[in-house]
Student: 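Have a look at this one before I ask anything.
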Amino acid sequence: MNNTKTAVVVIPTYNEAEVIGDMIDHLFGKVFPKIPNWQIHLLIVDDTSPDGTYKIVEKKQKQYPNLHLYLNKEKMGIGWAYVVGFRYAIKQLKADVLIEFDADFQHPPKDIPILLAKIDEGYDYVLGSRKIEGGLNPKGWGFKRVFFSEVGGLVARLVLFFPGKSFFKITDPTTGLKASRVEGFVDQIDMDNLYSYKFGYKLEFLYRMVTLGAKVAEIPLRFGLRTKGESKISSNTAKDIFRTVSLLRWHDPATQSFLKFGVVGFAGYLVNAISLAIFSRSGWAEWLAWLFSTELAIISNFTWNNLWTFVDKKFTRTIDLIKKFVQFNLTSAGALIIQTVTGTLLTSFFGPQYRQIYLPLIIVFLVLPYNWLMYNKIIWKIKKT
Ligand code: GDD
Ligand code: MN
């Protein structure tokens, strides 16, 4: 029985005639033979480069049976090249693992066995990072490219993941050197509906893999200088990346619930304020007016969060409703205590004249995070099956 697994190295090319021949020879001659327990294919996805890159690949195919060429009729962008390349690799070549690689030797070929070793260790997604110890950007980069790489990377991480744990774990989100497990991961990604088929696709795959629960490892990447040919990154690349991460974060189910949670909370505040006015004007005892108006707000929050904010986790059985409603009142009491204690403390330290400043600060920095946490971790927690 043969249980070697298949890895497909995918290299998209556009006008890489100066380097592609050397890269192919180097990979088949020096790198692949040193990876014994994997069956390795190399797939070049070329957009019918005007400089004839694909013709060089066709020639080399006579020499290397595991060399494949996928030719797009026109320039479709790097993301599209990977989409068609991945599909081909999965269907025709039965890939278990896909490796994203550049033609221009900026990714050190000796990193390929390291990526696969991490996959062998059980990781699902291995990323080359310039930001961890042992990794770096080329010394020769000008200020502009360094700036875009540093700030762009940080913004991409913030927009995609903050304050989740991936924000801290993934140090180089725009990296182009990656290995991805197919089963359960790449085969779950809807590649027909990406937000970007240009450089932004990198962030989109990153986001999807992480959301699918991939076990992520980073290896140091010493990103080289390009010595031949030209970078295809353009001034639109930063825009495309920013647009892609913004769309991903906006459509993230957690973002959508968070916005609804804000709307529901604000509605709860209005219920509280209006009913307080009505009750006190109707001559109710002060404490009774506060008690009932607060409880009405709690009921409003509970109901709308259940029907709207957390609609995909909503409970309907009477017994659950009762149990959860009691819990909800308890966590709401917690919020009340937080607000009362910090409000009183702040007033005694800095004086009552800033009261109207303390309140929104306490709400935004303490009560909102507290409620959000309680709702997600206790009230509308989905049971792991
Ligand atoms: N088929 C195809 N179509 N290939 C393309 C296209 C395209 O439209 N655009 C770029 N490529 C190929 C290039 O020929 C090269 O093999 C690879 O994609 C990377 O392109 P480069 O032009 O070398 O990108 P870079 O070096 O500026 O950018 C690198 O760093 C980025 C992070 O800063 C790459 O590794 C990127 O993948 C990475 O995101
Ligand atoms: Mn490059």
Side-chain angles (χ1 to χ4, degrees), residues 9-24 26-27 42-54 56-57 68-86 88 98-109 111-112 115 127-131 135-138 140-142 144-157 170-180 196-206 221-242 244-245:
V9 177
V10 184
I11 301 184
T13 53
Y14 195 74
N15 288 344
E16 303 287 4
E18 284 180 83
V19 292
I20 195 64
D22 288 348
M23 179 55 86
I24 292 169
H26 187 87
L27 290 177
L42 176 60
L43 170 62
I44 312 290
V45 185
D46 187 68
D47 290 1
T48 312
S49 299
D51 73 353
T53 304
Y54 58 97
I56 298 169
V57 180
H68 311 266
L69 172 67
Y70 190 106
L71 206 53
N72 288 317
K73 287 204 182 68
E74 53 187 324
K75 190 169 185 329
M76 302 290 287
I78 185 174
W80 180 255
Y82 272 112
V83 166
V84 294
F86 281 3
Y88 185 92
L98 299 161
I99 293 178
E100 290 169 57
F101 207 74
D102 291 354
D104 55 8
F105 284 91
Q106 287 191 278
H107 294 158
D111 285 353
I112 292 174
L115 293 172
L127 308 174
S129 169
R130 295 161 291 184
K131 310 297 305 171
L136 51 86
N137 266 327
W141 269 8
K144 215 172 133 190
R145 177 96 205 226
V146 172
F147 180 84
F148 269 108
S149 173
E150 295 290 326
V151 177
L154 182 64
V155 170
R157 279 164 72 195
I170 289 161
T171 58
D172 190 358
T174 58
T175 182
L177 177 68
K178 304 174 171 186
S180 314
S196 170
Y197 289 95
K198 294 190 231 147
F199 274 91
Y201 92 93
K202 296 246 182 246
L203 289 301
E204 191 150 4
F205 271 79
L206 172 69
L221 163 62
R222 300 175 76 89
F223 197 61
L225 258 190
R226 196 191 247 277
T227 51
K228 288 176 183 162
E230 281 166 17
S231 169
K232 277 83 205 174
I233 278 195
S234 72
S235 51
N236 281 326
T237 300
K239 238 189 276 168
D240 179 57
I241 287 176
F242 186 70
T244 308
V245 292

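By convention here, the first residue in the shown sequence is residue 1. Ligands are counted one by one from 1 in listed order, and the atoms in each one are counted from 1 as well.
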Student: What is the closest protein heavy atom to atom 30 (O) of ligand 1, and at what distance does it sit?
Tutor: Phe223 CZ, 3.5 Å
Student: So does Thr244 get a backbone contact from the side chain of Glu204, meaning a donor-acceptor N/O pair under 3.5 Å?
Tutor: no
Student: Heavy-atom distances under 4.0 Å decide this one: backbone, side chain, both or neither, for Trp80 against ligand 1?
Tutor: neither
Student: Please work out whether any backbone atom (N, CA, C, O) or any side-chain heavy atom from C-beta onward of Glu16 is under 4.0 Å from ligand 1, and answer side chain, backbone, both or neither.
Tutor: side chain
Student: Heavy-atom contact under 4.0 Å between Arg130 and ligand 1?
Tutor: yes
Student: For a distance under 2.8 Å, tell me if Gln106 has an N/O/S atom near the Mn ion (ligand 2).
Tutor: yes
Student: What are the atoms of ligand 1, with element, lying closer than 4.0 Å to any heavy atom of Gly176?
Tutor: 35 (O), 37 (O), 38 (C)
Student: Please confirm whether Gly77 comes under 4.0 Å of ligand 1, counting heavy atoms of the residue only.
Tutor: yes
Student: So is there a nitrogen or oxygen of Arg226 less than 3.5 Å from a nitrogen or oxygen in ligand 1?
Tutor: yes
Student: Just to confirm my output: which protein heavy-atom neighbour is closest to atom 10 (C) of ligand 1, and how far is it?
Tutor: Lys232 CB, 3.6 Å
Student: Where is the nearest protein heavy atom to atom 37 (O) of ligand 1: which residue, which atom, and how far?
Tutor: Lys202 CE, 2.7 Å
Student: Is it the side chain (CB and beyond), the backbone, both or neither of Ala81 that lies under 4.0 Å from ligand 1, heavy atoms counted?
Tutor: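 Only the side chain of Ala81 comes within reach of ligand 1.
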Student: Nearest 0.5 angstrom please: Arg157 CZ to Thr171 OG1, how far?
Tutor: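 Rounded to the nearest 0.5 Å, the CZ-OG1 separation comes to 6.5 Å.
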Student: Starting from atom 34 (C) of ligand 1, which protein heavy atom do you reach first, and at what distance in Å?
Tutor: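 Among all protein heavy atoms, the one nearest atom 34 (C) of ligand 1 is Asp102 OD2, 3.0 Å.
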Student: More than 12 heavy atoms of other residues, nucleotides or ligands under 6.0 Å from CZ of Phe148: is that the case?
Tutor: no
Student: Does any part of the side chain of Arg145, heavy atoms only, come nearer than 4.5 Å to the side chain of Ser231, both counted from C-beta?
Tutor: yes
Student: Flag the pair Thr227 / Phe105 as yes when at least one side-chain heavy-atom distance between them is below 4.5 Å, and no otherwise.
Tutor: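 Side chain of Thr227 against side chain of Phe105, heavy atoms only: no contact under 4.5 Å found.
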Student: Give the residue, atom name and distance (to 0.1 Å) of the protein heavy atom nearest atom 2 (C) of ligand 1.
Tutor: Thr13 O, 3.4 Å
Student: Are any side-chain N or O atoms of Thr53 and backbone N or O atoms of Tyr14, one a donor and one an acceptor, separated by less than 3.5 Å?
Tutor: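 Judged by distance alone, no pair lies under 3.5 Å.
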Student: Closer than 4.0 Å to some heavy atom of Asp104 - which atoms of ligand 1 meet that?
Tutor: 23 (O), 26 (O)
Student: Are there over 12 heavy-atom neighbours, none belonging to Lys198, within less than 6.0 Å of that residue's NZ?
Tutor: no
Student: What is the nearest protein non-hydrogen atom to atom 27 (O) of ligand 1, stated with its residue, atom name and distance?
Tutor: Ser231 OG, 2.5 Å
Student: So, 4.0 Å and heavy atoms of His107: is ligand 1 close enough to count as a contact?
Tutor: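 Right, His107 reaches ligand 1.
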Student: Any side-chain heavy atom of Ser129 sitting closer than 4.5 Å to one from Thr175?
Tutor: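 Contact flag for Ser129/Thr175 side chains = no.
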Student: For atom 36 (C) of ligand 1, what is the closest protein heavy atom, and at what distance to 0.1 Å?
Tutor: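 Looking at atom 36 (C) of ligand 1, the protein heavy atom closest to it is Phe199 CE2, 3.6 Å.
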Student: Classify the contact between Ile78 and ligand 1 as side chain, backbone, both or neither, using a heavy-atom distance cut-off of under 4.0 Å.
Tutor: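 Within the 4.0 Å criterion, Ile78 contacts ligand 1 through backbone and side-chain atoms alike.
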Student: Considering only N, O or S atoms, which atom of Asp104 is nearest to the Mn ion (ligand 2)?
Tutor: OD2
Student: Any donor-acceptor pair under 3.5 Å linking the side chain of Asp102 with the backbone of His107?
Tutor: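 Absent.
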Student: Could you find the nearest protein heavy atom to atom 16 (O) of ligand 1 and give me its residue, atom name and distance?
Tutor: Pro12 O, 2.8 Å
Student: Hey, what do you get for CD1 (Ile241) to CG (Asn236), rounding to the nearest 0.5 Å?
Tutor: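 CG of Asn236 is found 11.0 Å from CD1 of Ile241.
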Student: State whether the shortest distance between N or O atoms of Gln106 and N or O atoms of ligand 1 falls below 3.5 angstrom.
Tutor: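 Yes, since at least one N or O of Gln106 sits under 3.5 Å from an N or O of ligand 1.
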Student: Would you check the N or O atoms of Val45, main chain and side chain alike, for any that come under 3.5 Å of an N or O of ligand 1?
Tutor: yes
Student: Pick one: which of Tyr197, Phe205, Phe199 meets ring pair (Phe, Tyr, Trp, His ring centres under 6.0 Å) with Tyr201?
Tutor: Phe205
Student: On a heavy-atom basis, I'd like to know which of Asp47, Ile20, Asp46 is closest to atom 1 (N) of ligand 1.
Tutor: Asp47
Student: Measuring only between side-chain heavy atoms, which start at C-beta, is Ile170 closer than 4.5 Å to Leu206?
Tutor: yes
Student: Numbering the atoms of ligand 1 from 1, which are under 4.0 Å from a heavy atom of Lys75?
Tutor: 7 (C), 8 (O)
Student: Looking only at distance, does Thr174 have an N or O less than 3.5 Å from an N or O of ligand 1?
Tutor: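 The answer is yes, given that Thr174 and ligand 1 share an N or O pair closer than 3.5 Å.
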Student: State, with a plain yes or no, whether a side-chain heavy atom of Leu27 is found less than 4.5 Å away from one of Ile112.
Tutor: yes
Student: Does Ala103 reach ligand 1 with a nitrogen or oxygen that is under 3.5 Å from one of the ligand's nitrogen or oxygen atoms?
Tutor: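 By distance alone, the answer is yes.
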Student: Could you tell me whether Arg226 and Glu18 have a side-chain N and a carboxylate O separated by less than 4.0 Å?
Tutor: no
Student: Quick one: does Glu74 get a heavy atom under 4.0 Å from ligand 1?
Tutor: no
Student: With heavy-atom distances below 4.5 Å as the criterion, would you say the side chains of Lys202 and Thr174 are in contact?
Tutor: no
Student: For ligand 1, is there an atom lying under 4.0 Å from some heavy atom of Met76?
Tutor: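 Not so, Met76 does not reach ligand 1.
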Student: Going by heavy atoms in the side chains, are Tyr54 and Thr48 under 4.5 Å from each other?
Tutor: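 Yes; the side chains approach each other to less than 4.5 Å.
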